[in-house]
Number of protein chains: 2
Amino acid sequence: MSETLKVDRLDLRILAQLQKNGRMTNVDLADAVGLSPSPCLIRVKRLEQAGYIGGYGAQLRLEKLGDTLTVFTEVTLADHHREDFIRFEAAIRDVDEILECHLVSGGYDYLLKFMTRGVNHYQEVIEGLLERNIGIEKYFSYIVIKSPFIKTHYPIERLFPHQR
Amino acid sequence: MSETLKVDRLDLRILAQLQKNGRMTNVDLADAVGLSPSPCLIRVKRLEQAGYIGGYGAQLRLEKLGDTLTVFTEVTLADHHREDFIRFEAAIRDVDEILECHLVSGGYDYLLKFMTRGVNHYQEVIEGLLERNIGIEKYFSYIVIKSPFIKTHYPIERLFPHQR
DNA sequence: AGTGAAAGCGAGGCCGG
DNA sequence: CCGGCCTCGCTTTCACT
């Protein structure tokens, strides 16, 4: 599931294609990368098993379904021992409304990304967190007014320019 | 492509399933939501055409392929006329290394999410932006040390609790 | 390693309730 | 609007190169 096996140029092309269209058929994929279906499928399976592909998902336009609010929240912990980080991370992991959790270097400790129905919903979630006493010293909320773009795929050739 | 048609409970279940596994076959999907394949497929097509599903993608574990660096950057513009926002957004949209762009309310204007090969690569991109004179007054970078979690799907029942 | 067959199964269209 | 049938094309395996 997580072996580091060698990934050649063909594999990178497969990954790039699947990133753009996770539902394309194996024959189309094979055609796009210049392979015949059988070995192409084998490579895809290998990449999945090796953990390079974490899964496949539909990209939903949640904002089309109803009102949503995205909020980025900067969190500073009261104490900074290893156990404080662990406790905090464990506590917020199960909060559905928190989509991302990043430990950052700089003026605060964590940057969280929330998705809620609106400010009331967000406030409820935040207050629930504070009541649970998980080591939050202070926090600051940045409400997203508009997201001009969110890209769903990355040109991986740029990350790994000279892969064999 | 962007009609707002009614989405019932069955549609929500379909969306929830496809969000978790965008590659599941239509028969499995139909089974999971309690439908037979034909009407299920029709609903999926409708949801795609209506724009509720923006696309399907493989979730790549880029960090397994090589070194990557994620950076969140707060950007403040020098001026705040409509044209300043438009010019800035247009200029950064084509920068591959910028994955997300959010206009926020609060202490600064934009929160950007970068993905690069490392600090040198990040610095190159940032300097490239500054040289282009696109109205950046100042910026501050938060380097991501660790991302304890990034969730790829949201429990959409929570966003739309009382859908018919 | 890749190619090309063959067999099994799902996608997608059509008809009947 | 849903379920069942039917055909075509894709998936997946296997023997061969």
Side-chain angles (χ1 to χ4, degrees), chain A residues 1-61 64-66 156-157 160 162-164, chain B residues 1-60 64-66 153 156-157 160 162-164:
Chain A
M1 180 69 118
S2 63
E3 279 307 305
T4 302
L5 34 97
K6 47 184 187 289
V7 173
D8 63 16
R9 185 177 295 119
L10 239 34
D11 290 319
L12 283 182
R13 270 193 269 183
I14 289 174
L15 291 173
Q17 288 292 327
L18 287 177
Q19 190 186 22
K20 277 192 289 192
N21 180 6
R23 272 207 138 177
M24 72 195 299
T25 69
N26 185 54
V27 297
D28 287 344
L29 177 60
D31 196 57
V33 301
L35 228 48
S36 61
S38 320
C40 183
L41 184 62
I42 292 173
R43 280 168 178 269
V44 171
K45 295 294 176 193
R46 253 193 34 222
L47 291 168
E48 288 172 353
Q49 305 255 306
Y52 293 109
I53 298 175
Y56 301 89
Q59 293 141 11
L60 305 187
R61 299 265 177 274
K64 284 208 59 168
L65 287 169
I156 58 179
E157 327 79 64
F160 317 103
H162 11 270
Q163 200 89 20
R164 151 194 10 157
Chain B
M1 180 72 113
S2 60
E3 281 307 307
T4 301
L5 33 97
K6 49 183 187 287
V7 173
D8 63 15
R9 185 177 295 123
L10 240 33
D11 290 319
L12 284 182
R13 271 194 268 183
I14 289 174
L15 292 173
Q17 289 291 328
L18 288 177
Q19 190 185 25
K20 277 193 289 192
N21 180 6
R23 270 208 140 177
M24 75 194 298
T25 68
N26 185 53
V27 297
D28 288 344
L29 176 61
D31 196 55
V33 302
L35 228 51
S36 64
S38 314
C40 183
L41 185 62
I42 292 173
R43 280 169 179 269
V44 171
K45 295 296 174 194
R46 255 196 30 225
L47 291 168
E48 289 172 353
Q49 305 254 307
Y52 293 109
I53 297 175
Y56 300 88
Q59 292 140 11
L60 305 187
K64 283 208 58 167
L65 287 169
H153 55 89
I156 58 179
E157 327 80 64
F160 316 104
H162 10 269
Q163 200 89 20
R164 150 195 13 152

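The sequence lines fix the lettering, A, B, ..., with proteins before strands; numbering per chain opens at 1.
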Who passes side-chain hydrogen bond (donor to acceptor under 3.5 Å, both in side chains) against A/D11, sequence neighbours left out? A/R43
Please state how far atom [atom1] in [X] lies from atom [atom2] in [N], giving the value in whole angstrom units.
X     : N     : atom1 : atom2 : answer
A/D31 : C/dG2 : CG    : C1'   : 15 Å
A/R46 : C/dA1 : CZ    : C1'   : 11 Å
A/R9  : C/dG2 : CZ    : P     : 14 Å

With [X], which residues qualify under side chain to side chain contact (heavy atoms under 4.5 Å, CB included), at least two apart?
X     : result
A/Q59 : A/T152
B/Q19 : A/L60, B/H153, B/Y154, B/I156
A/T25 : A/V27, A/D28

State which residues pass salt bridge (Lys or Arg N to Asp or Glu O under 4.0 Å) with B/R13; sequence neighbours excluded, sorted by chain then number. none
Can you see if the side chain of B/R43 gets near the phosphate of D/dC2 - specifically, an N or O under 4.0 Å from OP1 or OP2? yes
So CD1 of B/I42 and CG of B/L47: to nearest 0.5 Å the spacing works out to 12.0 Å
For nucleotides 3-17 of chain C, 5' to 3', base contacts (B), sugar-phosphate-only contacts (S) and non-contacts (-) with protein non-hydrogen atoms under 4.0 Å give BB-----SSBB----
